[in-house]
Every structure is written in C-alpha cells, then in structure tokens.
Amino acid sequence: MPQWVKFGCRLRRSRENRGGYILSEDSFDPRAVRLSKLEALRARGVNPYEPTNFKATVLSGEVHDHFAEWDGKLVRMAGRVMAIRTHGRAMFLDLVDQQGKIQCHLREDVVGEAAFELTEFMDLGDILGVEGTVFKTRRGEITVEVRHYQFLSKSLQDLPDKRHGLTNVDLRYRQRYVDLLVNPEVREVFSIRTRTLTFIRRFLAERDFVEMETPVLLPIAGGTEARPFVTHHNALDMTLYLRIALELHLKRLIVGGFDRVYEIGRVFRNEGISTRHNPEFTMLELYQAYTDYQGMMELVESLLSYLVHQIKGSLQFEYQGQRLDFTPPFDRVDMVERLFEKTGVRWESIVSTQDAHRLARDLGVAVDSRFDRTQVMDKITGQVVEPDLVQPTFLWHHPVDISPLAKRDPKALNLAERFELFVAGHELANAFSELNDPLDQRERFLRQQEQRRQGNEEVPPLDEDFLNALEHGMPPTGGLGVGIDRLVMLLTNSSSIRDVILFPTMRPLTPGSTFES
RNA sequence: GGGCCAUUAGCUCAGUUGGUUAGAGCAUCCGCCUUUUAAGCGGAGUGUCGAAGGUUCGAAUCCUUCAUGGCCCA
C-alpha cells in the first residue's frame, strides 16, 4: 500500500509563522528554498526520496485517447509536476509522464486538509504519484480529481522558463536531461532515432542478416583513413586504438562463413568537431556474400525508402527547406564523368601532385599544400560535384586510388566498383564490391604504407592478420556503410549532428568535471 | 588552426553616446482566490553583468588576454 500523505493532527500554520520554513537570508536562492521545503516535508514525516516504487494503472496518452472508457474511473498515475495553478483551497497540476501531460485537480475537501497543507512544499519538477477519478473540466480538459497523492521525488533545481524552454545551446548539450525535460521536440528527435534503429534491425533481420559485435579496442585501427584515439592496456602494457571503422572485422566474419552480417556500432575518429562531425559517432556496416555494389545499391534503396516511409509516412519530406524524394530508384552519377562535365578535366589526365594542385588553384578550391594528388582530387570532387547532389543520388565509379578496399571495375581497371550515396549535399552511405584478391589488397596496403612513411597519420599500419583472412578465401561480397547520425539528422530535420547525439563531446567547464553550478 | 558573433537574475532576454541605485517576462517569496490552463488580482528584485588585467573622475558598455559556446572557413 502506498504511503499517502496523511496526518494524524492538523498542521495549520500560525499567522506569525507563515513562511517560517524559509531561511530569510536565502529566501531568494531557489535551491535553498527547495531544501527548506524538503526539510519541512521531512519534519512532517514525509521523505520524498523514500518510496521505492509506484504502480500506475494507466498512462496519460491512454486516458486522453479513450476518455469515454476512463471517465469516472479510478486511476493511479505518476509523473513530473510541470505546472502548478493554485486556486485557493484547490489547485491544478500538470503531471507529465512518458506519454505526455495529464491535468490533476486537488481539492482540499477531497484530499484532506492535512494533505492539502503539504502542497505548500510542492515545486515544479517534483515527481508525484496520484490516485483519483477521471473527469472533464468545464473548459473540457481531461483531468484527474485527486483523492490521494504521494511525493515520489523532490526536485532541488529550478526548471527553465516554461515558455521558452532551454535555448542556451551549450547548456542543452551539457545538461541534456534538462533539455529533454522541458523541450518535448528534443524527446521526439531521440524517439525517432531509436525507432530508426529498431526499423533497421527489423529490415535486416527479414533479409537474414545477423547482428555481430566486433572489438572496439584494437592493436591496429583500420578500415578507413582517420586518426585514431590512443589508449593503453595496463596488464598487457600495450598501446591500443579505438576503432575508426567496422569493416575489417566484419569481413573476417564473411571469411568465417557468416554470409550476411552487420553491426551498428560506435566508431571514433580523432578529428575536429563541427555541425557534421562528432568524435564518436554511429555507423551501420553490413556485408553480404555473393553480391556486389549493385546489390548494395538495391539494398540501400530499399532500406532507406522503407525507413523514410516508416518514420515520415511518405517518401517525400522537407529537410532544411529542401524537398527530398526517396522514391527508388535513386539517381546515378558517374563521378569521373561528372567531374569532367563540371571542370572539363579528366581525372586520369591529372597524374602528378603538381597537376592536381594546379587544377585546384584554377578551380579556386583551397587545399592543404601538403596534400598529395589523390587527396587534392578528393577535395576537388567534394567542392565541385557533391554539393549539387540534393536528391538521393549514387555517386559511383570512384578511382581505385581513393578506394583501397574496393574491387576494380573489370572494364576500367583504374576505377572501382564503388558508390557513395549523397543526400542534401552530404555523404550518407558508402559501398563497394569488396576486394577479395589478397595479393591486390597487399599491394594497395603497401602503397598506402608509402604515404604513412611520408607522414600521413591518417593511414593505418598494414593489418597482416586481415590479409591472412583474405588469403583463406573471401567470397565475392558487397559491403555498405551508413552514417546513422546523418541519417537521423535527415529524418528529424536537424542541421547539427549534436542535435541527434544525446551527449555530444564537449570540453568540460572545469578540468576533470562536466558540471559547474 | 583562422574569421565573425555571443556570454547580464534560476530561465528567456532588454540595457541608448561610458554617467547617479542594472531592467522586463517567466520562475521564486508574501497575501487573496475550490473547474483553472501562458489562470487571475495585490505586494517583494533575488545580480561577482563569463574571468583577469587595463584606460577613465566614472565601465555591463571602451582596450588586452583568457575561458566556454555558436556560425562560417580550413
């Protein structure tokens, strides 16, 4: 049985003692006021932190959706007090649970004088359990006429402004719990995020993919080019790196005989922070044996149109002022041809680093002077070709020299069977026919090592064990990587990756802590 | 890494050309109010103006450095 607020004796305050629970010195310090109220409750035998559970019989959404069924019924509900409107010997509360708001009405003559007295010590943000009957007010609001109520927790901190919510961006990220509490649209973003992941898993399960978990801590972080985070294992006394991709281990599983594998996992790249980059982010990578990049195109078209339809209810939606259409098939653009159309220059004609830098200068593309030919060309493509790809578009046929893990096109050996999917000018997915020729793979790794020796810290060291896996024979395989954060940005119309990551990486306000009061 | 901008009450924000005691709404506190809902009515302003220096008779305001964040570029 719940310990309802109930008292054996009356607690009528004497006139001269009114407000006596407040320390006059600190009467405007919100936390001190709330601590005083907590003490006042405890002094009256009510410890709001004592209850260990509360069995609600219904959630707010259900009562709103099926009022006719609940009208006049006794309900038990729990939630956070988000508004208090006192009305003399009665009061209205907005109680918010996981489904939304339910208004509660407390009347002194119903809850009892002693229990009503304790509402004096109730604040916005407190957690309450209530029991009462459902009715509709004169103004038509579905409301619980509370017979009993119970403090389930007390809030010692003020909530942000009820009209504007919390808009300070820094504080929103640092204190996401407050952001979630007062900004319902933020809860909706993360609800879409979790639903997206559920739908992805459902979609892949229906196609016989199995979800795998590969290591985060690695002696060699490979699978792409990026600077890794470095850490240290004490017992082994060895340097370990946080993974920068899932690729090489999932392909080991393909070698091992799991023909359809995927992982949705956090990867870590030690690079700058921007509206599109967080040092840790979530990737979906999947590998399917006996298919190729064409198979991956069909798969990602189906996956994305399925997700968009599930989340948006339509294949068209608005993102940052642009109308996007995810109806398959998506456009296909040959990367080298499009570069030629845009610049009049063929990729193959740029053979030296000097040529590449000259082209960049001619096109007005700013590049790091230390970049080599492929890095410059990659940058040029990023500036010249990619921003125009607003509707979902496969940019395909990448040069092999920027695709070290992809198969060559048998009809054009310097081009790879690869595509990147662009939406709203940004890369959303990357896929290729996976290179399974261990000798070609070794050669490409060795060529990369040359760059590494020249000081390119983004190139991973040669992974001998991965080559050993390939030498055991990997079936022809299609592989796909999808940036989950960017996908969720699209689905939630977010312009910053930090809006779709619950706790984005932030510099602590004081060394060693993440909070400063 | 570079440029621009921001930082004022618990929250959201004003604050003029450097000028007396730094303001508003919400929240808070006090009083009234038993179907309100941005409840209402009456009263109270709670502050190290991000930090540290500097200029000045005088700084929230001007200068320098630093801190944190945002946007743009790299």
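Numbers restart at 1 for each chain; the letters A, B, ... are given by sequence-line order, proteins then strands.
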What N/O pairs connect the protein and nucleotides 49-52 of chain B at under 3.5 Å? Give each pair on its own line.
none

For nucleotides 70-74 of chain B, which of its nitrogen or oxygen atoms have a protein nitrogen or oxygen under 3.5 Å away, and what is each distance?
unit_1 : atom_1 : unit_2    : atom_2 : d
G70(B) : OP1    : Arg498(A) : NH1    : 2.2

Under 3.5 Å between N/O atoms: give me all the protein pairs with nucleotides 23-25 of chain B, atom names plus distance.
unit_1 : atom_1 : unit_2    : atom_2 : d
G25(B) : O2'    : Arg163(A) : NH1    : 3.2
G25(B) : O2'    : Arg163(A) : NH2    : 3.3
G25(B) : N2     : Asp161(A) : OD2    : 2.5

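Across the protein-nucleic acid pair, Met122(A) atom CE and C29(B) atom P stand 13 Å apart, rounded to whole Å. Across the protein-nucleic acid pair, Gln157(A) atom CD and U28(B) atom P stand 14 Å apart, rounded to whole Å. As a whole-Å value, the separation of Arg34(A) CZ from A27(B) C1' is 9 Å. One interatomic measurement links the two molecules: CE of Met91(A) to C1' of U36(B), which rounds to 12 Å at whole-angstrom precision. In this structure, the CG atom of Leu171(A) is 12 Å from the P atom of G69(B), given to the nearest Å. For the pair Gln175(A) CD and C11(B) C1', the computed distance is 12 Å after rounding to whole Å. Across the protein-nucleic acid pair, His87(A) atom NE2 and G31(B) atom C1' stand 16 Å apart, rounded to whole Å. To the nearest angstrom, P of U7(B) lies 19 Å from CZ of Arg172(A).
Using a 4.0 Å heavy-atom distance criterion, Asn168(A) is classed as a sugar-phosphate-only contact. Using a 4.0 Å heavy-atom distance criterion, Leu106(A) is classed as making no nucleic acid contact. Within the nucleic acid shown, Leu159(A) has no heavy atom closer than 4.0 Å to any nucleic acid atom.
Taking only side-chain atoms of Asp109(A), from C-beta outward, the nucleotide of U34(B), C30(B), U68(B) with the closest atom is U34(B). Distance from the side chain of Arg89(A) is smallest to U34(B) among C33(B), U34(B), U36(B). Residue Arg507(A) places its side chain closer to A67(B) than to any other of U34(B), C11(B), A67(B). Proximity note for Pro160(A) (side chain, C-beta onward) versus U34(B), C11(B), U37(B): the nearest is C11(B). Comparing atom distances between the Arg107(A) side chain and each of U28(B), A39(B), U34(B) picks out U34(B) as nearest.
In summary, the side chains of Glu145(A) and His105(A) do present a donor paired with an acceptor at a separation below 3.5 Å, with no hydrogens or angles considered. Looking at Gln150(A) and Arg76(A), their side chains never bring a donor and an acceptor atom within 3.5 Å of each other. Side-chain N/O atoms of Gln322(A) and Gln391(A) include no donor and acceptor closer than 3.5 Å.
Across the P atoms, C57(B) and G18(B) are found 16 Å apart, a figure rounded to whole Å. Nucleotides A52(B) and A60(B), compared at atom C1', are 16 Å apart to the nearest Å. U16(B) sits 25 Å from G53(B) when the P atoms are compared, rounded to a whole Å. Only the C1' atoms considered, G23(B) is 15 Å distant from U61(B), to the nearest whole Å. Comparing the C1' positions of C33(B) and G43(B) gives a spacing of 16 Å, expressed to the nearest Å. Comparing the C1' positions of U21(B) and U46(B) gives a spacing of 16 Å, expressed to the nearest Å. With C1' as the reference atom, C72(B) and G45(B) are 40 Å apart, rounded to whole Å. The separation of C13(B) from A6(B), taken at their C1' atoms, amounts to 13 Å, rounded to a whole angstrom.
A search for salt bridge (charged side-chain N to carboxylate O under 4.0 Å, His left out) contacts involving Asp179(A) returns Arg172(A), Arg176(A), not counting sequence neighbours. For Phe317(A), the ring-ring contact (aromatic ring centres under 6.0 Å, His included) criterion is met by Phe326(A), not counting sequence neighbours. Under the rule for a side chain to side chain contact (heavy atoms under 4.5 Å, CB included), the partners of Ala356(A) that lie at least two apart in sequence or sit in another chain are Ile350(A), Arg373(A), Val376(A), Met377(A). When the ring-ring contact (aromatic ring centres under 6.0 Å, His included) test is applied to Phe419(A), the partners found at least two apart in sequence or on another chain are Phe394(A). When the side chain to side chain contact (heavy atoms under 4.5 Å, CB included) test is applied to His87(A), the partners found at least two apart in sequence or on another chain are Ala90(A), Phe92(A). The side chain to side chain contact (heavy atoms under 4.5 Å, CB included) search around Thr343(A) returns Leu339(A), Val345(A), Leu363(A), Val384(A), not counting sequence neighbours. A search for side chain to side chain contact (heavy atoms under 4.5 Å, CB included) contacts involving Leu124(A) returns Arg34(A), Val81(A), Ile84(A), Leu159(A), not counting sequence neighbours. Listed by chain and number, the residues in a salt bridge (charged side-chain N to carboxylate O under 4.0 Å, His left out) with Arg42(A) are Glu39(A) (sequence neighbours excluded).
Thr167(A) has a side-chain polar atom (N or O) that falls below the 4.0 Å cut-off from OP1 or OP2 of U12(B). Taking 4.0 angstrom as the limit, Arg85(A) places none of its side-chain polar atoms (N or O) nearer than this to OP1 or OP2 of G40(B).
Heavy atoms from other residues, nucleotides or ligands lying under 6.0 Å from CZ of Arg31(A) number 12 at most.
Side-chain atoms of Glu141(A) and base atoms of U37(B) include a donor and an acceptor less than 3.5 Å apart.
Just one residue in the list Val459(A), Asn270(A), Ile244(A) forms a side chain to side chain contact (heavy atoms under 4.5 Å, CB included) with Arg227(A), and that residue is Asn270(A).
Residue-to-nucleotide proximity on RNA chain B shows that, of Lys101(A) and Ala90(A), the 5′-proximal contact is made by Ala90(A). For the pair Asp94(A) and Leu124(A), both in contact range of RNA chain B, the more 5′-proximal nearest nucleotide belongs to Leu124(A).
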Dot-bracket for RNA chain B, 5' to 3', Watson-Crick and G-U pairs with both distances under 3.5 Å, [ ] for crossing pairs, | for partner on another strand, reads (((((((..((((.....[...))))((((((.......))))).)...(((((..]....)))))))))))).

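Note that CG of Leu41(A) is 6.0 Å distant from CG of Leu118(A), once rounded to the nearest 0.5 Å. Atom CH2 of residue Trp396(A) and atom CZ of residue Arg418(A) lie 14.0 Å apart, to the nearest 0.5 angstrom.
For the pair Glu280(A) (side chain) and Phe268(A) (backbone), a donor-acceptor distance under 3.5 Å is absent.
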Derivation and outcome, side-chain hydrogen bond (donor to acceptor under 3.5 Å, both in side chains), residues Asp97(A) and Ser60(A)
CA-CA 7 Å; Asp97(A) 65 17; Ser60(A) 61; 2.6 Å; yes

